[in-house]
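Some notes on the structure that comes next.
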Amino acid sequence: MLGRLTIDALPFYSWIAMGGAGVTVLGGVVIFVLLTWFKKWGYFWSEWLTSLDHKRIGVMYIALALLMLVRGFVDALMMRSQQAFAYDSGGYLPAGHFDQVFSSHGTIMIFFMAMPFMTGLFNLIVPQQIGTRDVAFPFMNSLSLWFTSSGAGLVLVSLVIGKFSTAGWTGYPPYSGLEYSPGVGVDYWLWAVLISGIGSTLTGINFIVTILKRRAPGMTLLRMPLFTWTVLVSSVLMAFAFPALTVATGLLALDRYLDMHFFTNADGGNMMNFISLLWIWGHPEVYILILPAFGVFSEVVATFSRKALFGYKSLVFATAAIGILSFSVWLHHFFTMGAGANVNAIFGIATMIIGVPTGVKVFDWLFTMYRGRITFDPTMYWTIGFIVTFVIGGVTGVLLAIPPVDYLMHNTTFLVAHFHNMIIPGVLFGYVAGLIYWFPKAIGFQLSAKWGIRAFWCWIIGFYLAFMPLYFLGLLGMPRRMERYEIAAWQPYLIIAAIGAAVILAGVVCMAMQLLVGIKEREKTRDLSGDPFNGRTLEWLTSSPAAPYNFAVIPKVDSLDAFWKMKVDGTAYQRPSGYTDIVMPRNSSLGVIAGAFSFVLGFAMIWYIWWLAALSLLVIGIVVVVRSSMENTDYVITADEVAAIEEQRFNDLARVPRHDTGDPAASPQAAPAPGSAS
Amino acid sequence: MRSLHCIVLVGLAFVLAACGLAESPVLDPKGPVTEIERNLMLETLAIMMIVVIPVWLMAAWFIPRYRATNKKARYMPNWQSTGLDAVTWLVPAAIIVTVGTYVWIYTHKLDPYKTIETESGAEPFVVEVVAQDWKWLFLYPDQGVASVNELVFPSGVPLELIITSDTVMNSFYVPALGSQIYAMAGMQTELNLLAWEPGKFVGRNAQYSGKGFSQQYFDVIAATQEDFDAWVETVKQSGLTLDDATYQELAKPSTAHPITHYASYEAGLFDTIMMKYMHAPGHMHGAVTGVEE
C-alpha cells in the first residue's frame with residue numbers, strides 16, 4: 001500500500017536532519033495558519049494560484065526562487081562551517097549527511113533558485129517590454145510554474161521524509177545507479193529534475209513564440225530591447241537543451257526502476273553516455289542562466305548612465321554567438337575522461353572562443369558608462385560589482401578550458417570557485433539587479449535603496465572572502481565535496497571561506513530588510529508614473545503595476561529604445577481616441593491541479609507506491625484532456641472598464657512630474673542613434 | 001616567452017609569500033607534467049591580463065568620472081564608435097587565437113596517454129591501478145607484488161599507470177606530479193607521470209564516490225632505485241597473497257584502509273577485474289584505449 005515508505009523514513013538518524021525537517025514543517029504550518037487566520041485562502045487561490053496573468057506568475061516564480069535561495073544558502077552555510085572545522089576530524093556532519101547537503105545545495109540553486117528567478121523575470125517583463133498583453137500560451141505558463149514548484153516541493157519534502165541524493169547535483173552514474181545508491185535519495189533528485197525540467201522546456205517554447213509572434217507593430221528584431229534578445233536566445237537554448245536533460249534523467253530512471261543498463265557498470269552500461277548527455281544540457285544551461293542576467297545589466301547600465309547602449313548590434317550578435325557556441329563545448333566537463341588530444345584540444349578551443357563575445361559585452365557595458373551621467377542606484381552597484389568580479393571568473397574559465405590545466409585543476413575547489421564566480425556575480429547579481437529594477441513595475445513601489453546598497457556590500461565582500469580562498473585551495477590540491485581532510489594547510493583558507501559565507505548571510509539579512517523597509521515606506525516610493533527610473537524601453541510605458549491587459553492600446557514602435565523616443569517626441573502619454581473591449585485568459589485551477597498531482601506522482605514513484613502513481617498520472621491526463629477541450633477560456637474587459645482604469649492612470653500621471661529627456665551636452669559629431677533627443 | 005615566464009615567476013613568488021602557498025603541490029611541482037601545466041596556466045593568466053587590467057582601469061576611471069553629479073564631465077548620450085566596437089572584438093579574438101594555439105600544442109604534448117621520454121631513454125615503469133571503495137590497489141606486474149594505498153616507484157623513471165575501477169567512477173589524482181584521469185569500471189585509462197627526485201606526495205580520488213571518499217587518499221613515494229628494490233623485498237616478505245578470495249574481501253567497501261602489502265597476486269588480475277564488467281554478449285564498452293573483446 002505504501003511501497004517502501006515506513007516509519008524509518010523520518011529523519012531520526014540525526015539531530016541536524018531533524019532540525020531541518022522541523023524548520024521545513026514549521027514553515028509550512030506557519031503559512032497555513034496565517035492564511036487561515038486572515039481568511040486569505042480564497043484571495044490567494046483566486047487571485048494568485050490560479051492566475052494566468054503573466055505578471056502574477058512572474059511574482060510567484062520569484063517568491064519561489066527567494067524561498068529556495070534561503071534554503072540553498074543554509075546548505076552552503078552548513079558546508080562552509082563543516083569544512084572550517086573538519087581538519088582531521090569528522091566535524092559535525094557525518095559523511096552521508098554532508099553529501100546530501102552538497103547535493104541539495106547544487107540542485108536547489110540551479111533548478112529551484114536560478115531557473116525560477118530567471119523565469120520570473122521573463123514573465124514580469126518580457127510581454128510589457130515587447131508591447132503585448134500576454135505570453136503566447138498563458139495556460140502553459142501556469143503549468144510551467146506548477147511543475148517547477150512541484151519539483152521544488154519534492155526537494156523540500158526529502159528533508160522531512162527520507163533522504164536526499166548524495167550523488168551531487170549532476171548525479172553521475174554508476175554511483176547514482178541502484179547498485180551503489182539503493183535508497184530514495186537519487187529518486188528524489190531524479191523526479192524533482194524530471195518534473196521541473198518539463199516545466200522549463202515549456203517555458204522555453206512559450207517565450208520563443210511570445211517574442212517571435214507577439215511583438216508590437218514596428219518592433220523589428222533589431223529594435224528589440226536587449227533583455228528581450230537575451231530572453232529569446234535563452235529560451236531557444238532551453239527548448240533545445242532541456243530535452244537532453246529529460247532524456248538523460250529518464251534513462252537513469254529506467255536503469256533504476258526497470259533494471260535497464262544504460263549507465264550501470266554491468267551488462268553493457270556505459271556511464272560516459274550519461275555524462276555526455278547531461279552536459280549537452282548542462283553547458284547550455286550555464287548560458288541559459290547568464291544571458292538574461294547580461295540582458296538585465298544591459299538595461300540597467302543604459303538607464304542609469306542615461307545613455308543609449310553602446311554597440312547594441314554587437315551585443316545582439318554576441319548574445320546570439322554565445323547561444324550557438326554554447327552547444328559546442330560540453331565535452332570540456334570531462335577532459336579527464338581519457339579522450340584523445342585532438343578531441344580535447346578542439347573542445348578546449350571551442351570553449352575559449354566564447355570568451356570573445358563575452359569580452360565584447362564587458363567592454364560595451366563600460367563604454368555605455370563612458371560619457372554618461374551615472375546615478376548610483378542599487379542596481380548600478382550590482383552591475384559594477386558584476387563587471388569587476390566577473391572578469392576574474394572569465395579568466396579562470398579560460399584557464400580551465402585549457403585541457404592540460406584542467407587535468408591539474410579539474411574536480412578541485414578551483415573549479416568550485418570558478419563556477420561560483422560565474423554564477424554569483426554573473427547570474428545572481430543580475431537577477432537581483434533585475435528584481436530591484438523592475439520591482440516597482442511589478443508591485444508598485446520601490447525597495448529600500450539604503451538596505452539594497454548594504455546588501456550589495458555584504459554580498460560582494462562575502463563573495464571574495466568565500467571564494468578567493470577556494471581558488472588557492474585548488475592550487476593546494478583540495479578536491480571538491482570533502483567532508484573531512486587531513487592536510488593542515490587547507491584549514492586557514494576554509495576558515496576564511498566560512499567567514500565569507502557569514503558575511504553573505506549578513507547580505508541575505510540586508511535583502512530581507514530591503515524588502516521589509518521597502519514595504520514600510522511604500523507610500524513614499526509609490527510609483528504613479530510607471531517610469532520611476534527614466535527608462536528607455538516599453539515596459540515603463542505601462543502603469544505600475546500594469547493593468548491586467550498591460551496596454552489599453554498596443555503601442556507602435558519605430559525605433560530602438562521605443563519609449564525613450566516617445567518621451568522625446570512628446571507622444572508617450574497621449575490619450576487614445578477611444579477604447580475597445582479586451583479579451584484576456586480567464587483564471588484556471590487546472591494548472592495548480594496538474595502541478596499538485598505531478599508532485600504526488602513524483603512522491604509515489606520515489607516510494608514505489610505504484611497505485612498512487614498511476615492514479616496521479618491519470619488525473620494529469622484528465623487535466624490535459626479537459627483543458628484541451630475547453631472552449632470558453634477567456635473573459636472580456638469591456639471598453640468602459642478599460643476607460644475607467646485608464647482614466648485613473650491619467651489622473652495619476654498628472655500628479656507626477658515628467659522626467660527630463662533633454663540633452664544639454666549633445667555632441668554634434670556623435671552619430672545620432674535611434675530614439676535620441678538630438 | 002622566457003622573459004614573460006620570469007616575470008610571472010617573480011610575481012608568483014610574491015603571491016606565494018603572501019598566501020603561504022609554498023606547500024602547494026601545483027605551484028611547487030615535483031615532476032615535469034605539473035611543471036609544464038603550471039607554467040602554461042601562469043603564462044595564459046599573464047596574457048589574459050591584457051583584457052582584465054584595462055577593464056579594471058576603465059571601471060576605476062569611468063565610474064567616478066561620469067557620475068551624474070560631476071557636471072564637468074562630457075555627456076554624449078548617443079555616443080557610438082564603430083572603431084572601438086571593432087577593437088572590442090579584435091583584442092579578445094587575438095588573445096584567444098594565441099591561447100588557442102597553446103591549447104593545440106600543449107594538449108598534444110601533455111596527452112596523459114603519451115609516454116614520457118627522458119634523456120636516459122629509460123623504459124617506463126608500469127603500475128596497474130584499481131580504484132575500489134574507498135582505497136586504491138596497485139599491481140606491479142614486473143615485480144609481481146601488490147600494495148593498497150601506497151604507490152612506490154623509482155624516481156627519474158617515466159611512470160606508466162594503467163587505470164581501471166572495480167566500483168563507481170573515481171579520478172586518480174596526484175597534484176604534485178600532474179594530470180588526473182578518471183577510473184571507470186570495464187574501461188581502461190592511462191596516465192604517464194614522472195617524479196624528478198625521490199619524495200613523498202599525497203594522491204587521492206578527486207571524483208566523489210560515496211561515504212569514504214574524503215579518506216580515500218594514498219601515499220605516493222618516489223624512491224631511489226635502491227630504496228625501491230628494498231621496498232619490493234619488504235613487500236615480498238609480507239606473507240600475504242592476493243588470491244581470489246583475498247581480493248573479494250579487499251574489494252568490499254572500507255574506509256581509511258591501512259597500507260597493505262601483498263607478496264604476490266594472481267596473474268592477470270587487472271584483466272580479470274576489467275572483464276568482470278565486460279561479459280555481456282553483444283555489448284562492448286567503448287573502452288577509451290580501444291580494449292577489444
Side-chain angles (χ1 to χ4, degrees), chain A residues 95-96 168 174-175 180 265-268 270-271 307-308 311 314 336-338 341 344-345 348-349 352-353 355-356 359-360 362-363 366 369-375 387-388 391 395 399 402-405 407-408 411 472 475-477 479 481-484 489 663 665 667 670-673 676, chain B residues 19 21 23-27 37 40-41 44 48 51-52 55 58-59 62-63 66-68 74-80 84-85 88-89 92-93 96 99-100 103-104 106-108 110-111 168-169 171 175 178-182 184-186 189 206-209 211 214 277 280 283 285-286 288:
Chain A
Y175 181 76
Y180 297 99
N265 275 350
D267 292 321
N270 189 330
M271 62 210 80
K307 213 160 150 274
S314 268
T336 56
M337 205 178 252
N344 278 351
I349 292 168
M352 51 182 65
I353 289 174
V356 178
V360 168
V362 171
F363 285 116
L366 284 167
M369 289 190 266
Y370 180 67
R371 292 179 180 168
R373 285 264 186 268
I374 305 171
T375 38
I387 291 174
V388 172
V391 288
V395 164
L399 293 180
I402 303 170
V405 175
Y407 300 154
L408 199 56
N411 268 333
F472 291 115
L475 298 174
L476 286 165
R481 297 174 171 169
M482 297 197 78
E483 124 278 352
R484 58 184 293 158
D663 185 2
S667 165
S676 77
Chain B
C19 300
L21 282 173
E23 293 172 54
S24 163
V26 171
L27 297 177
E37 287 170 345
L40 184 59
M41 176 162 72
T44 325
M48 280 187 291
V51 168
V52 172
V55 165
M58 278 194 277
F62 296 169
I63 294 163
Y66 295 102
R67 64 188 192 275
R74 222 162 147 197
Y75 177 48
M76 297 172 73
N78 302 304
W79 175 77
Q80 298 282 335
L84 259 183
D85 212 3
T88 62
W89 283 93
I96 295 308
V99 179
V103 167
W104 189 261
Y106 283 96
T107 304
H108 285 82
L110 289 166
D111 186 354
V168 301
M169 192 193 299
S171 188
S179 304
Q180 66 182 293
I181 201 148
Y182 284 155
M184 293 168 284
T189 48
Q207 171 70 37
Y208 175 77
S209 61
K211 275 187 181 172
S214 298
Y277 299 103
H283 287 282
H285 294 277
V288 179

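Please read all numbers here as calculations on a predicted model, not as lab measurements. In what follows, chains carry the letters A, B, and so on, assigned in the order in which the sequence lines appear, proteins first and then strands, with residues in each chain numbered from 1.
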One should read off an interatomic distance between B:W104 CH2 and A:I402 CD1, to the nearest 0.5 angstrom, of 15.0 Å
With heavy-atom distances below 4.5 Å as the criterion, would you say the side chains of B:Y75 and A:R373 are in contact? yes
Look up atom CG in A:N411 and atom CD in B:Q207, then write down how far apart they are to the nearest 0.5 Å. 5.0 Å
Would you name the heavy atoms of B:G100 and A:I349 that are closest together and state the gap between them? O-CD1, 3.5 Å
Of B:A93, B:A68, B:P92, B:G178, the largest count of non-hydrogen pairs under 4.5 angstrom with chain A goes to B:A68
Taking atom NZ of A:K307 and atom CE of B:M76, what is their separation to the nearest 0.5 Å? 8.5 Å
Chain A shares the most heavy-atom pairs under 4.5 Å, among B:T44, B:V168, B:I181, with B:V168
So which of B:Q180, B:E37, B:M48, B:M58 has the largest heavy-atom pair count under 4.5 angstrom toward chain A? B:Q180
Okay, A:Y175 and chain B: the region with an atom under 4.5 Å from a heavy atom over there is both
Gap separating the CG atom of A:L408 from the CG atom of B:L110, nearest 0.5 angstrom: 10.0 Å
What distance separates A:L476 CG from B:L27 CG, expressed to the nearest 0.5 Å? 7.5 Å
Heavy-atom check, side chain of B:S179 versus side chain of A:T336, under 4.5 Å: no
Where on B:Y106 is there a heavy atom nearer than 4.5 Å to chain A: the side chain, the backbone, both, or neither? both
So which of B:V26, B:D111, B:T107 has the biggest tally of heavy-atom pairs under 4.5 Å with chain A? B:T107
Heavy-atom pairs under 4.5 Å with chain B, option from A:G359, A:G348, A:G311, A:A345 with the top count: A:A345
Atom group of B:S171 that falls short of 4.5 Å from chain A, counting heavy atoms: side chain
With chain A, which of B:V51, B:V55, B:V99 has the greatest number of heavy-atom pairs at distances under 4.5 Å? B:V55
Inter-residue atom distance B:W79.CH2 - A:R371.CZ, 0.5 Å rounding: 6.5 Å
Kindly say whether A:E483 contributes a backbone atom to a donor-acceptor pair with the side chain of B:S214 at under 3.5 angstrom? yes
At their closest point, which heavy atom of A:G477 faces which heavy atom of B:P175, and how far apart are they? CA-CG, 4.2 Å
Any idea which of A:V362, A:I353, A:L366 has the most non-hydrogen atom pairs under 4.5 angstrom with chain B? A:L366
